Q: 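This is the structure I have questions about; it appears just below.
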Amino acid sequence: MKKVFFLVVAFLPFLVQAQTEETFAIKGKIGSLDAPARAYLIYKLGANQVIDSSLVAGGSFDFKGNILNPTNAILVVDHKGIGFNKLDSTADILHFYIDKGEFAINSPDSAKKAKVTGSKINDDDKNLTAQLEPIKARAQVLASEGMKAGAEKNTPEFRSAMQAKYKKLQADQKTVIKKFILGNPDSYLSLLALYDVDGPSPDPFELDSLYKTLSPALRNTETAVNFMKALEPLKHTAPGAMAPDFTQNDVNGVPVKLSSFRGKYVLVDFWASWCGPCRQENPNVVRVYNKYKEKNFTILGVSLDRQGARADWLSAIKNDGLNWTQVSDLKYWSNAAAALFYVSSIPANFLIDPNGKIIAKNLRGDDLDEKLKEVLGK
C-alpha cells in the first residue's frame, strides 16, 4: 500500500501529539474485481488528510492505519485502474466512519452498495440514518414542490407557506436527533450529532444541556473539548445576552452605533446583495417593517457585501425597498459586526429589546411577525 499525506490545516499540532493514536484494520471485498482495479481510502488523522490505496485482487483489499478519534472516511473504488486524479463525480464511493479495531466492508459489485459490519459507530449511523429517512423523503418532495411552482413562488404567501413546511421538517429532524443522543450516551456518533441538532444557528444552552447527558468517557475526548470551546462564545449572542455593540458606516459614510437605537426594539439583520435567500426573505422583512415601524420598532441592516461591490449593495437596497438604516464595512465574511455576533451563514438576524438585550434570533417568515406582535402587544 502507498500512503500520501496532505496537510490541510496547520492548527495546534501539539494537540495531535498529545493524543493517543488507535489502530484500525479494514477487510474489504467488492465482488470479483481484479487488477488493475484499486481502492482508495480518504480520512483525517489530526490536522492531516490521508489518502491510502490498496490493489484489489479477487475482489479483496485491506487497509491498516492509525486514528486519533472515530472519523469520517470515504472509500473510492477505481474499477478500471485509471488513477485517483482522473476519477470524477461519477466515481464509485462509500461514505462511512473509521473507528478503532477491525471491521469489514463488503459488496457484490460496488462501493456505493457496500455494507459495513463489525463497527459500532457505523451501526449507530445506519440506525440514525434510517430514522431520518422519512424526513429526507419529505424534504425531497418539498423541494420538488418548490421547483414545480409557477409564478406563485415569488409571492410572500407561497414563501411563507414553504418556510412553515421547512420549519416543521427541521423541528422533526431535531426531535429525531435529540432522541438518538439521549438514548445513546456512549456513542461517539451522539457527540458528532450535536453539531446537527440546530443546524448553523444552534441554541448553545440547549446543546450544553445535551452535551452533559453524554458519558464521561465521551466528554473527555479532544472532540468534546473542542466542541465546548466553540460553543462557549455562542452564549454571548444567545437570547438573554446583552447584544455586543458595534459601529459601522451607513450608505452615506456616516458612523452608526448599534447602542444608539436603545429605547426601541431593533432587528439587526445580516444580509448581502449576493445572497439569494436574503433577497427572497427581504419582501417579508419589508412587510413587517412597514407594519411595526410606528410601534417602537426599527431595523438595522448589516451587509456582508465585498469591497468594490458598493454599487451592488446600494442597488439591492433600492430595488428591494429596504427603507431603514443600512451599514457595512464591505469586508464580506470578515465583517466586524458579523464576527461579534458569530454569524456563520446569512440571512441571520437578532431581535434586541429597548435595553439592548437579545430576545430572539433568526426569525423567518411569519415568525418575525408573531414575535413582534408578542413583544409589542399589538
Side-chain angles (χ1 to χ4, degrees), residues 132-178 195-203 206 234 237-239 265-293 295 297-304 316-317 319-324 338 341-352 358-376 378:
L132 291 170
E133 194 61 39
I135 297 172
K136 179 181 178 182
R138 287 164 52 200
Q140 291 172 337
V141 171
L142 192 55
S144 178
E145 181 182 335
M147 292 292 291
K148 293 178 181 178
E152 73 271 19
K153 71 166 52 177
N154 296 318
T155 65
E157 293 77 16
F158 181 84
R159 284 195 295 268
S160 292
M162 291 295 284
Q163 285 174 340
K165 292 176 182 179
Y166 273 115
K167 182 181 178 182
K168 180 63 167 61
L169 275 178
Q170 291 168 347
D172 290 346
Q173 175 176 287
K174 179 177 179 178
T175 297
V176 170
I177 295 175
K178 285 180 63 177
Y195 289 92
D196 294 323
V197 171
D198 276 327
S201 303
D203 177 344
E206 180 178 35
L234 297 180
T237 55
Y265 285 92
V266 56
L267 184 76
V268 180
D269 183 37
F270 292 93
W271 71 292
S273 67
W274 48 262
C275 170
C278 302
R279 304 294 295 275
Q280 292 173 6
E281 178 66 12
N282 277 345
N284 178 63
V285 182
V286 169
R287 176 181 62 81
V288 172
Y289 173 74
N290 289 333
K291 182 177 180 179
Y292 293 101
K293 64 181 180 180
K295 300 176 181 179
F297 169 74
T298 191
I299 301 175
L300 175 61
V302 183
S303 169
L304 273 64
I317 292 172
N319 293 337
D320 292 5
L322 311 183
N323 299 319
W324 51 81
F341 280 80
Y342 299 95
V343 172
S344 60
S345 64
I346 53 175
N349 60 47
F350 297 80
L351 182 60
I352 300 170
I358 298 171
I359 58 173
K361 62 188 291 187
N362 294 323
L363 298 167
R364 302 275 183 274
D366 293 336
D367 290 343
L368 177 58
D369 194 344
E370 290 300 317
K371 186 63 179 180
L372 287 173
K373 187 184 301 183
E374 172 194 325
V375 298
L376 294 174
K378 301 173 183 178

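All figures in this text were calculated on a predicted structure; none of them were measured in a lab.
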Q: Are Thr298 and Tyr265 close enough that some pair of their side-chain heavy atoms sits under 4.5 Å apart?
A: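 Counting from C-beta outward, Thr298 and Tyr265 never come under 4.5 Å.
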Q: Okay, side chain of Arg279, backbone of Trp274: is any donor-acceptor separation there less than 3.5 Å?
A: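 No; zero donor-acceptor contacts below 3.5 Å.
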Q: Hey, what's the ring geometry for Phe270 with Phe350, parallel, tilted or perpendicular (30° and 60° as the breaks)?
A: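 Geometry flag for Phe350 against Phe270: perpendicular rings.
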Q: Starting from the C-alpha separation in whole Å, work towards a yes-or-no answer on side chain to side chain contact (heavy atoms under 4.5 Å, CB included) for Trp271 and Val302.
A: CA-CA 6 Å; Trp271 71 292; Val302 183; 5.8 Å; no
Q: I need the minimum non-hydrogen distance between Ala348 and Asn362, along with the two atoms involved.
A: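 Closest pair (atom of Ala348, atom of Asn362, distance): CA-OD1, 3.2 Å.
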Q: Tell me which one of Pro277, Cys275, Ser303 satisfies side-chain contact (heavy atoms from CB on, under 4.5 Å) with Ile346.
A: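 With Ile346 as partner, side-chain contact (heavy atoms from CB on, under 4.5 Å) holds for just one option, Cys275.
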Q: Whether the side chain of Trp324 engages the backbone of Val286 through a donor-acceptor N/O pair (distance < 3.5 Å, no angle test) should be reported.
A: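 Checking the backbone N and O of Val286 against the side chain of Trp324, no donor-acceptor pair under 3.5 Å is found.
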Q: What I'd like to find out is whether the side chain of Val266 reaches to under 4.5 Å of the side chain of Ile299, using heavy atoms alone.
A: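 Not in contact.
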Q: Whether the side chain of Tyr342 engages the backbone of Thr237 through a donor-acceptor N/O pair (distance < 3.5 Å, no angle test) should be reported.
A: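 Answer holds: no.
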Q: Asn349 side chain to Val268 main-chain N or O, any donor-acceptor pair under 3.5 Å?
A: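 Absent.
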Q: For Leu142 and Lys165, which heavy atoms make the closest approach, and how far apart are they?
A: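 Nearest pair, atom of Leu142 first, then Lys165: CD1-CD, 3.5 Å.
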Q: What verdict does the side chain to side chain contact (heavy atoms under 4.5 Å, CB included) test give for Lys178 and Val176, after you've listed the backbone C-alpha separation in whole Å, the side-chain angles of each residue and the deciding distance to 0.1 Å?
A: CA-CA 6 Å; Lys178 285 180 63 177; Val176 170; over 6 Å; no
Q: Would you call Ile358 and Phe341 a side-chain contact if the rule is heavy atoms closer than 4.5 Å?
A: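 When only atoms from C-beta onward are counted, Phe341 and Ile358 do touch, with a gap below 4.5 Å.
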Q: Does the side chain of Gln280 reach to within under 4.5 Å of the side chain of Pro347, using non-hydrogen atoms?
A: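 Gln280 vs Pro347: side chains apart.
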Q: Between Ala360 and Pro239, which heavy-atom pair has the shortest distance, and what is it?
A: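 For Ala360 versus Pro239, the nearest heavy atoms are CA-CG, 4.2 Å.
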Q: Could you tell me if the side chain of Asp320 sits less than 4.5 Å from the side chain of Pro283, heavy atoms only?
A: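 Not in contact.
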Q: Can you find a heavy atom in the side chain of Leu322 that is under 4.5 Å from one in the side chain of Asn282?
A: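 Yes, close enough: below the 4.5 Å cut-off.
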Q: Pick one: which of Lys291, Arg287, Lys167, Lys373 meets salt bridge (Lys or Arg N to Asp or Glu O under 4.0 Å) with Asp366?
A: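 For Asp366, the salt bridge (Lys or Arg N to Asp or Glu O under 4.0 Å) check succeeds only for Arg287.
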Q: Quick one, Lys174 with Glu206, criterion side chain to side chain contact (heavy atoms under 4.5 Å, CB included). Give me CA distance, side-chain angles, the key distance, then yes/no.
A: CA-CA 12 Å; Lys174 179 177 179 178; Glu206 180 178 35; 2.8 Å; yes
Q: Has the side chain of Glu281 got a donor or acceptor atom that lies under 3.5 Å from a matching backbone atom of Gly365?
A: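 A pair under 3.5 Å: yes.
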Q: How far apart are the closest heavy atoms of Leu169 and Ala139, and which atoms are they?
A: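 Smallest heavy-atom distance, with atoms named: CD1-CA, 3.6 Å.
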Q: Once rounded to the nearest 0.5 Å, what's the spacing between atom CG of Asn323 and atom NZ of Lys293?
A: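 Going from CG on Asn323 over to NZ on Lys293, the span is 7.0 Å.
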Q: Start with the C-alpha distance between Leu267 and Leu300, add both sets of side-chain angles, then the distance that settles side chain to side chain contact (heavy atoms under 4.5 Å, CB included), and finish with yes or no.
A: CA-CA 6 Å; Leu267 184 76; Leu300 175 61; over 6 Å; no
Q: Rounded to the nearest 0.5 Å, how far does CZ of Arg364 lie from CG of Asn284?
A: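 Taking CG in Asn284 and CZ in Arg364, the distance rounds to 10.0 Å.
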Q: Which atom names give the shortest non-hydrogen contact between Leu351 and Lys371, and what distance separates them?
A: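 Shortest heavy-atom separation between Leu351 and Lys371 comes out as CD2-CG, 3.7 Å.
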Q: Enumerate the residue pairs fulfilling side chain to side chain donor-acceptor pair (under 3.5 Å) with a member in residues 132-143, sequence neighbours excluded, ordered by first and then second residue.
A: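 Output for this query lists Arg138-Asp172.
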Q: To the nearest 0.5 Å, tell me how far Leu363 CG sits from Asp369 CG.
A: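 Going from the CG atom of Leu363 to the CG atom of Asp369 covers 10.5 Å.
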